[in-house]
Structure formats: structure tokens, C-alpha cells
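To keep things clear, I will list the structure first and then write my remarks on it.
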Amino acid sequence: MKKLIALLLSLVLALSFAACSKSGSTTNTDKPQKSEKVEVTGVGATAKITITEDKHGTGTMLNNAKLPNFSVDGESDAITHINDRVKAEVGTFCDEAAAEPLQYAIADTAIVETDRYLCAIVFYGRPLSVGMDHDTVASYVYDKAKDSEVLLDDALKIAGYDAPQFDSLVTKLFKSKGLGEDLLESKVVGFSFLQNGMPEFFVCVRYDTGADEIIELVKVNTDTKSMDQTSYAQFVS
């Protein structure tokens with residue numbers, strides 16, 4: 001029976017994303033240039049994220065969930081859609097956990113704001129579950145300059161990659177870390193932006209060490225082209 005390493009949902013991990021590095025340059029004209037200052041006017045200039053707490057549950061088991069809520073002064077279809085996604089994805093997950101006996105959900109939100117982007121990264125899960133088979137990271141990103149939602153494909157384009165190219169980068173960085181004998185699978189589960197406008201991706205990797213099969217969350221910085229391991233919790237299945 002193999003050990004399965006699941007992602008650690010901790011405030012320490014969440015806060016680490018607010019301390020992202022701030023250097024780098026690009027050549028793709030679609031990408032922000034190093035230290036570029038973006039002037040934001042209109043609706044996006046008032047955009048902000050507040051944290052709402054979900055404490056409901058059954059019996060003595062209550063959710064401990066801190067969820068993002070995007071807002072602007074005025075109307076924004078993009079903001080409305082982002083908040084709807086938060087409710088449909090993480091909110092529904094928390095509701096389903098709270099409805100089960102002896103079960104609850106936790107969620108923590110890290111907020112990263114740059115001149116142009118407003119990012120919320122949510123780490124969520126069920127602490128009493130073992131061997132969770134769902135993604136436990138979700139990201140929600142708003143482009144203040146364009147009053148639009150930024151999706152994964154948009155972030156990859158800004159970084160200068162398509163999906164196969166990014167997979168190749170992850171494989172190369174994984175091999176350079178010497179984490180295990182074989183990278184079995186990788187999946188992008190979220191992203192944020194560095195202060196210079198370059199994306200940073202959160203990738204769930206599954207690999208074989210020769211003794212155990214491991215699932216782990218890593219951060220891929222497309223500015224420095226580097227991969228960093230995160231903290232994690234271990235469960236035995």
C-alpha cells in the first residue's frame with residue numbers, strides 16, 4: 001500500500017504567495033515589460049477583494065472557510081462572473097461537506113495584487129478525508145485594466161506558452177529537481193501574477209519515487225523558469 005501525499009491547506013502556505021519575487025524580463029510583445037506600470041482607469045480602478053467566512057455545518061462540525069469576494073464601484077460583468085465561479089466551485093464544495101455527518105470543509109485565500117491584476121488563490125479541502133481525489137487549489141484573477149477575467153489559457157499566452165510547451169517546461173524543471181524516478185502526471189490547478197506582470201502557476205504533480213507514488217503541489221515561476229516545492233501534509237492510504 002502506497003503513501004499518498006496530499007496538499008497542505010495552511011495559512012502559512014497561503015501567505016507565502018504574497019511574497020513573490022519581483023524581477024525578470026520578456027520578449028513576447030503580448031507580455032508586460034519588466035517593471036511596467038499599467039495605468040488603470042474606469043471600473044477596474046476600484047476593484048478589491050474582501051474575505052467572507054463560511055462557518056455553517058451539521059452538529060458540532062462547522063466549516064472553517066475563508067472565501068474571496070470581488071467587488072467594484074459600479075457594474076462589472078467580469079466581477080459578477082468571477083464571484084459566481086467562486087460560489088459554484090469552492091462554495092458548493094463547502095456546502096456539500098457541511099451537509100455530511102462528521103464532515104466539514106476548510107478553505108484559505110491568499111490575495112495577490114499587482115498594478116494590473118487582482119488575484120485570489122484558494123486552498124480548500126476536507127481535513128477528515130484521506131486520499132482526496134479532487135483539486136484543492138482554485139484561482140480567480142481579474143484584469144483591472146481591461147475589466148475582464150483572466151483564465152488559464154490567457155495566463156499561458158502571457159507567459160509565452162501553449163499547453164504542450166508548458167507541460168514540457170514542467171517536465172524539464174521536475175527532472176532538474178530530482179524529485180523522483182518518473183513524472184506520471186502534471187496538472188495546472190491555479191495561477192497568480194508576479195509584480196512584474198509575469199504569471200506564476202501552481203501545478204499538481206504525480207510521480208513515482210521507486211518506493212511510493214507521490215502527489216505534490218509545486219509552484220512554477222515563468223519569469224525565472226524555476227520550480228519550488230511547497231509544504232504538504234501526508235496521509236496513508
Side-chain angles (χ1 to χ4, degrees), residues 2-8 13-14 16-17 19-36 85 89 110 112 114 116-117 119-123 131-143 146 148-232:
K2 297 182 177 181
K3 295 180 180 179
L4 177 64
I5 296 188
L7 312 177
L8 177 64
L13 174 59
S16 68
F17 295 104
C20 298
S21 60
K22 301 183 180 181
S23 62
S25 61
T26 65
T27 56
N28 188 324
T29 55
D30 289 336
K31 302 176 188 175
Q33 298 302 306
K34 182 179 179 180
S35 301
E36 177 186 19
R85 281 188 57 214
E89 296 168 1
V112 176
T114 73
R116 180 166 183 168
Y117 301 105
C119 317
I121 308 96
V122 185
F123 301 84
M132 294 179 290
D133 59 357
H134 54 77
D135 295 338
T136 53
V137 180
S139 60
Y140 306 94
V141 180
Y142 175 70
D143 185 334
K146 292 186 176 181
S148 64
E149 181 178 11
V150 184
L151 301 176
L152 175 58
D153 287 346
D154 304 321
L156 286 171
K157 182 178 179 181
I158 292 170
Y161 296 92
D162 59 23
Q165 290 171 337
F166 186 76
D167 286 343
S168 296
L169 174 65
V170 171
T171 300
K172 179 181 178 180
L173 294 175
F174 174 85
K175 290 181 178 179
S176 72
K177 286 288 187 181
L179 295 176
E181 296 182 359
D182 189 17
L183 177 60
L184 304 175
E185 182 182 14
S186 66
K187 181 180 180 181
V188 181
V189 293
F191 66 95
S192 181
F193 279 90
L194 303 169
Q195 293 299 324
N196 62 6
M198 286 295 287
E200 180 175 58
F201 296 90
F202 312 121
V203 184
C204 187
V205 294
R206 182 169 64 90
Y207 59 95
D208 194 339
T209 65
D212 296 316
E213 186 174 299
I214 304 299
I215 294 178
E216 189 172 354
L217 181 70
V218 297
K219 296 188 295 182
V220 175
N221 184 320
T222 58
D223 179 28
T224 60
K225 292 182 174 58
S226 61
M227 174 186 288
D228 294 314
Q229 293 173 263
T230 69
S231 300
Y232 51 81

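Numbers for residues simply follow the sequence, beginning at 1.
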For the OG atom of Ser139 and the CD atom of Glu200, what is their distance to the nearest 0.5 Å?
11.5 Å

Nearest heavy-atom approach of Val150 to Ala155 is CG1-N, 4.3 Å

Report the distance from atom CZ of Phe191 to atom OH of Tyr117, rounding to the nearest 0.5 Å.
9.0 Å

Which heavy atom of Gln195 sits nearest to which heavy atom of Thr114, and what is that distance?
OE1-CA, 3.7 Å

What's the spacing between Leu194 CG and Asn221 CG if we round to 0.5 Å?
5.0 Å

For Thr222, check side chain to side chain contact (heavy atoms under 4.5 Å, CB included) against everything at least two apart and list the hits.
Ala159, Tyr161, Phe166, Met198, Pro199, Phe201

For the atom pair NZ (Lys146) and CG (Asp154), what is the distance rounded to the nearest 0.5 Å?
8.5 Å

OG1-CD1 distance between Thr136 and Ile215, expressed to the nearest 0.5 angstrom:
9.5 Å

Please lay out, stage by stage, how Ile158 and Phe193 fare under the test side chain to side chain contact (heavy atoms under 4.5 Å, CB included).
CA-CA 10 Å; Ile158 292 170; Phe193 279 90; 3.9 Å; yes

Heavy-atom closest pair, residues Tyr207 and Leu183
CB-CA, 4.0 Å

With Val170 as reference, evaluate Lys175, Gln165, Met227 under the side-chain contact (heavy atoms from CB on, under 4.5 Å) test and give the passing residue.
Met227

To check you understand the geometry: which heavy-atom pair defines the closest contact between Val189 and Cys204, and what is its length?
CG1-CB, 4.1 Å

So for atom CG, which belongs to Asp153, do other residues, nucleotides or ligands contribute more than 12 heavy atoms lying within a distance under 6.0 Å?
no

So, taking the atom named NZ in Lys187 and the one named CZ in Arg206, what distance separates them when rounded to the nearest 0.5 Å?
12.0 Å

Closest non-hydrogen atom pair, Ser186 against Asp167:
OG-OD1, 4.1 Å

